[in-house]
Every structure is written in C-alpha cells, then in structure tokens.
Participant: 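Below is one structure. I have some questions about it.
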Amino acid sequence: MQFLNFKSSRSLYLLNLNKLIASPYSSQTHSHKPLTQKTFFRLNTEEGLLNRLCKDGRYKDAIDILCQQKRFKEAIQVLSQLDKPSASIYSTLIQSSIQNRVLEVGKKVHEHIKLSGFVPGLVISNRLLEMYAKCDSLSNAQKLFDEMIERDLCSWNVLISGYAKMGFLEEARKMFDKMPERDNFSWTAMISGYVRHDKPNEALELCRMMKRCDNSKSNKFTISSALAAAAAVPCLRIGKEIHCHIMRTGLDSDEVVWSALSDMYGKCGSIEEARHIFDKMVNRDVVTWTAMIDKYFEGGKREEGFDLFADLLRSGIRPNEFTFAGVLNACADLSEEEVGKQVHGHMIRIGFDPFSFAGSALVHMYSKCGNMVNAERVFRGMPRPDLVSWTSLIAGYAQNGHPNEALHYFELLLKSGTQPDHITFVGVLSACTHAGLVDEGLQYFHSINKEHGLNHTADHYACIIDLLARSGRFEEAENIINKMTIKPDKFLWASLLGGCRIHRNLKLAERAAEALFEIEPENPATYVTMANIYATAGMWSEVAKIRKTMDDRGVVKKPGLSWIEIKRKAHVFIVGDTSHPRSKEIHQFLGKLSKRMKEEGFVPDTNFVLHDVEEEQKEVNLSYHSEKLAVAFGIISTPQGTPIKVFKNLRTCVDCHTAIKFISKIASRKIIVRDSNRFHCFEDGNCSCGDFW
DNA sequence: TTAGGGTTAG
C-alpha cells in the first residue's frame, strides 16, 4: 500500500480535526496522556493527520475529513487504494456527492462498487439512485432503477422526486401512476413537482385525488404542498378548505404549514389574513418573514414591506439570500437605489453566500437603478457568476442604453462556457434594437436555434419584429410573422404598431391594431396609438371614429400620473394639474424653463397631441404633461444639485423626453424618470436610454 | 435511505 502524500492547505476545519484528535475513538492511535503543545500542532496540520490516519488503516476517518473539506479527488484516491471498502465508506462518499452535487465523484464510487464485486444492499442502491437523480443525471438514475433486482417504495419515490424536481413531469407521473403503492413521499414529490413547474391545476387535481383515495396519507408535508398548489392557482376557496382541514387534524403546530398558509392567503390576495396568521405564529423563521415581506412588495405596499424588513433586522433573525433577493428586487422595481445600497452594505456586514443568487439580485438592483458601474463591480466580484447574473448584466446594459457593453458581455458569456437561455437572448436582441444593429440582431436571432438549439419564444419574435419595424424593414418583418410556428402575441403586434407609428406605415398599423383589438380590446394604448397615427396623417375623421369605438366599448384612456417623493411625501400630478398648493410657482417656473429651452434650440414635438387644435395650443397642452410638472416641482423644492427622481405610470412621451433632456442641462440636475416601460437617467442634455424606450 | 413553505434574469 502506497501512502498518499497530503499537501498542506488552509485549514477551515480545525475544529473538526481537534474533535477527532480529542475523541475517545482516537485513543486507539494516541495515548490517553494529554497532548503536548508541540505534538498538538504537529498533528493539527491536515497532511500530518491524514497521512497518519491512512497509515493506521483508518481510511473511513480520512475519507470523512477529505469529504468535509470537499477534497473529493483525494478522497477518491484513498478509495482507489482499497480492495474491499466497507459499506460505510461507500455510504459516506455517496452522501457527500449528493450534498455537494458532484456527479463525477458519485460516478467513480459507483464504478468502484461494480468493479470491487461489492453487492450493494437496498439502502446503498437507493442512495446511488438519489445521487444520480439529484446530480441531474436522470438517465443514469433510470438505468440503475431498471437494473435493481430489489426495489422498495423509497426507490420509486427517489426517482419520481428526481423527475418531478427537474420538470420531467410526464415521466414522473407515469411512474407515479404505475407504482405498486404510494405513501406521503410519493404524493408530496408529485404535487410539489407540479407546483414548482407551473402546473398548479394539475397539482390541485392530485390533491383532490389524494383526498379521495388516500386521505390517511396526508401529513404536514403533503399539506404544505397542497397549500402551495392553492396559492399558485390561486384559489382562495380551496386554500380555505385546506386551512379547515389543518385546524381539524391538528397539523397547525408545524411552522412550515403555517408559513405555507400565510403564503397562500397572501398569494390569493388576502394580505391582511396573511399578516394575521403571521402575527399569530409563535416561532417565525426566516422563511416566514421573507414570505410576508415579499407579499407586501408584491401587493404594492412598499412602506409595509420595508418596515417589516426593518422589524426582521431588529428581531435578531438573520436574513438570508432569499430575504435579500426579495428586498433588492423591490428596490429594483421601485428604483430605490439608496435603500438598495443600504441592503448591500448590510449584506457585506453580516456576510452572504457569494455563490447564491443574492449576488445576481444585486446586479439586477443596480442595473434597474441605472447604476451600471456598481452592477458591473458586483458582477466582477462574483466568484462564479451564474446564467442569471450574466443575463442581469447583459439586460442591464441593454436597458440603460449601452448595447456594445451588452454584446461584449454576451460574447464573454459564450467564452465562459455558460449556455445562454431564451431570456439571455431577449437581452441580446434588445441590445441590438438599441444600437440599431439590424443585421447583427437577425444573426443572433437565427443563432438561437441554429447554434444554440433553443426554440424561438414569443419574446424573441417580438424583439426581432421590434428591431425590423423600428428600422422600417416591414417586408422582412411580415415575412417572419407569416412563417412563425407560434401565434404572434400582443407584444409582437404592439412592437409592429410602434414601428408603424415611427415610419407612418398606415396599412400595416391597421393590421397590427386589428390583431391587438382582438387579443386585448380593453387596452386603451392601441386606440391611442392608432388615433395618434391617424392624427399625424391629418385623418381627423378616423381619429373621431377611434374615439367613438373607445366610448362604445367603454375603454377609458388611463390618465397619465407622475409622482415625486419629497421628504417622504408623495406629490402626484396629472396633466395640466393646478391642484397642488405650489401650482402657481410650478407653472411660472415651467414658463421660464420653456423660454430657456427654446433659446437652447428645443422644438416641441406636437405630432402626438390628439386634439385637432392649432399648433400653439398643442404646445401648451404638452408643456403641462404630468412628468414635466413633477420635474419642475422637484427642482423648485430641492437644493441645487440634488438629483430628481420622478415616477410615471405610463410611457413618457417623445416631447417630454426631449424636454427633460434640455431641463437636465439648463438646471444642471440629474433627473431620473422611471416610466411604465423603463428607466431614464437624464444628465447634461442626454438620456441613459439612448432615446430608445 | 426518499418529501414540504419564501427563489434572482425578460
């Protein structure tokens, strides 16, 4: 037997080693006498201890330590030295492969088992099955399952659970249907698989089936999954039925059940009931807190969400990556960069797993707040960025008007060996649209299935039609639409309609609008855009017809609202608003600004004013758009140099966009406008969106 | 030896 030479490495596991040295078990090799300090330090180096363990034949201990330290290569080396390893050595190695999701290690152990002639019992076989299933190697799992002479319920459950978790729901269901008998594990695996992969109705159907034929099998696990199913539909009635069942059966003592219950009420729109349950819970854990915080954000209750997050920090329970991701996402949605930065600081102070998705949530937050410098800094600091992090950065650059950086990072992603998915391509295609790179966009579009083997999604089609339509290449756009294998969706038609508006393509606009009227007759945006197109063409009778159709169908144009927060108070403006207490000052200031803007060369774009009125009146209509009022109020109510942040519920209009560019230069202010579509950061006469939105 | 609640990118 050749002894391995373990190289010294930084010990993170000193405590475990000490425990081993001090344990009674180690007295086989060391005397009972207390260790001298010199001996202690000699033994307390990994290579010393590991070599010694191997020399003494204590391979199991050596493998334990190596697995704990994730030194799998060396653990396998030790295994390969052994002719007849014990079942517990195999068990340790398989367990470690499962925990660390290292398929290669598991495969080597399996090979060793086969070559050594060791006949694994049901327990080891099931563990191997679990290893393959959890390491995304379902074909191997199925092969092993087929080869197994003896199987028990656990063997079936492990494989079903593997298929269900990975989204192979049909395979899972086939096995579930033909298995000889079912237990709690089988039902839970199948129901949660459906929930996880967006098949909530199938999950609920299975819950009903369980209730019908196997009601005795329901326990806290199946009930939590059933609640998740009701939450995902969402179906409050069934959720309440499950709630009653929980109260009847005394399952209400379990924290997870409570959490799932609160989540169900939240997702079914009863946020107060969710909070009621949350408040009644005795032992709230981090999951419960996170779920409740997220519910507030999802329900648009920003203040309550941040307040509860603050309560969580005060409670002494440590937030985890899910909590951070949720709060950061809210910051991203609300463009709350300052709060996001505080959360980031907190994460650094208490430490967070750099391999977790909290990192990508940070990249996303900074991207959505327009701070690409920080987004890139966080990204570069990630030890192993995953696809979501790459995609966040690429999409961030595309959205913020830096298409070249977006495409540069996409090329880096390909070089890194990460396989892009359909969402990554949405970012790539939108970057091409920003840059007007039509031919490159078409190349990327075709590469999606030719080079990457992915199917085109409705989003990809919408992006490419957007790109072609904006460039006025309508014939190619129509060719693509006519050859589509999936039904064009509303986003595609809306993109086409937008392109038609720019290039005044009345005929195609009518086709797009017709499709949109069919898909979503209730959306006022289509009517308004069509009316604008007719207005631009001077076809006032058609404009009137559109208005009448809107009236007949009861479609109401959503009023444009802009708001700005000053000293924690929101000030809301509508077009031509004179209701604000400082309205006079605002209008006076806008008048002055308007004069300065014209001196600087600003020409109002009156194309999109609906009413059939004189040009001068159109200008007046434009100058009181809600976003301009909010910006003006922001400037007069904050000290010189303070950035202004305005929100708008609709897309900002072309005229306002140009005007705010001028205002940012004249007033020397950074002005951030977050409209319904995207984020604009105006500075020194330019906008971060590169005039694309 | 197998199962449950909160999960980041468009």
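Each chain gets a letter, A, B and so on, in the order the sequences are listed, and its residues count up from 1.
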Participant: For A/T433, enumerate each residue passing the side chain to side chain contact (heavy atoms under 4.5 Å, CB included) test, keeping only those at least two apart in sequence or located in another chain.
Facilitator: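 Testing A/T433 for side chain to side chain contact (heavy atoms under 4.5 Å, CB included), a comparison that skips the adjacent residues, returns A/D466, A/L467, A/R470, A/F692.
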Participant: Taking any heavy-atom pair under 4.0 Å as a contact, classify A/S430: base, sugar-phosphate, or nothing.
Facilitator: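 A/S430: no heavy atom of the nucleic acid under 4.0 Å.
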Participant: How would you give the extent of chain A contacts on DNA chain B, as first and last nucleotide 5' to 3' within a 4.0 Å heavy-atom cut-off?
Facilitator: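 Footprint of chain A along DNA chain B, 5' to 3': B/dT1 to B/dG10.
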Participant: Taking atom types as modelled, is there a side-chain donor on A/T424 or A/T391 under 3.5 Å from an acceptor on the other?
Facilitator: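 A donor-acceptor contact under 3.5 Å links the two side chains.
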Participant: For residues A/Y132 and A/H110, is any side-chain donor paired with an opposing acceptor at under 3.5 Å?
Facilitator: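 A/Y132 vs A/H110: donor-acceptor pair found between side chains.
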Participant: Within the 4.0 Å heavy-atom criterion, would you say A/D263 contacts the bases, only the backbone, or no part of the nucleic acid?
Facilitator: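 Sugar-phosphate contact only.
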Participant: Under 4.0 Å between any heavy atoms, over every strand shown, what does A/T391 touch: base, sugar-phosphate, or nothing? Just pick one.
Facilitator: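 Contact class for A/T391: base.
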Participant: Determine the contact category for A/A395: base if any of its heavy atoms lies under 4.0 Å from a base atom, sugar-phosphate if only primed atoms, P, OP1 or OP2 are that close, otherwise nothing.
Facilitator: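 A/A395: backbone/sugar contact only, no base atoms under 4.0 Å.
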Participant: I'd like to know if the side chain of A/Y296 pairs up with that of A/R275 as donor and acceptor (distance under 3.5 Å, no hydrogens or angles considered).
Facilitator: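 Their side chains do contain a donor-acceptor pair, which is all the 3.5 Å distance test asks for.
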Participant: Would you please say whether a donor-acceptor pair under 3.5 Å links the side chains of A/S192 and A/S225?
Facilitator: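 Distance-only check fails for A/S192 and A/S225.
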Participant: Under 4.0 Å between any heavy atoms, over every strand shown, what does A/V363 touch: base, sugar-phosphate, or nothing? Just pick one.
Facilitator: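 The residue A/V363 makes no contact with any strand.
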Participant: Using a heavy-atom cut-off of under 4.0 Å over every strand shown, decide if A/R196 touches base, sugar-phosphate, or nothing.
Facilitator: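 Touches sugar-phosphate only.
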Participant: How would you label the contact of A/V256 with the nucleic acid (heavy atoms, under 4.0 Å): base, sugar-phosphate, or nothing?
Facilitator: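 Result for A/V256 = base.
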Participant: When you check the side-chain N and O atoms of A/Y366 and A/R377, is any donor under 3.5 Å from an acceptor?
Facilitator: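 A/R377 and A/Y366 do not have a side-chain donor-acceptor pair below 3.5 Å.
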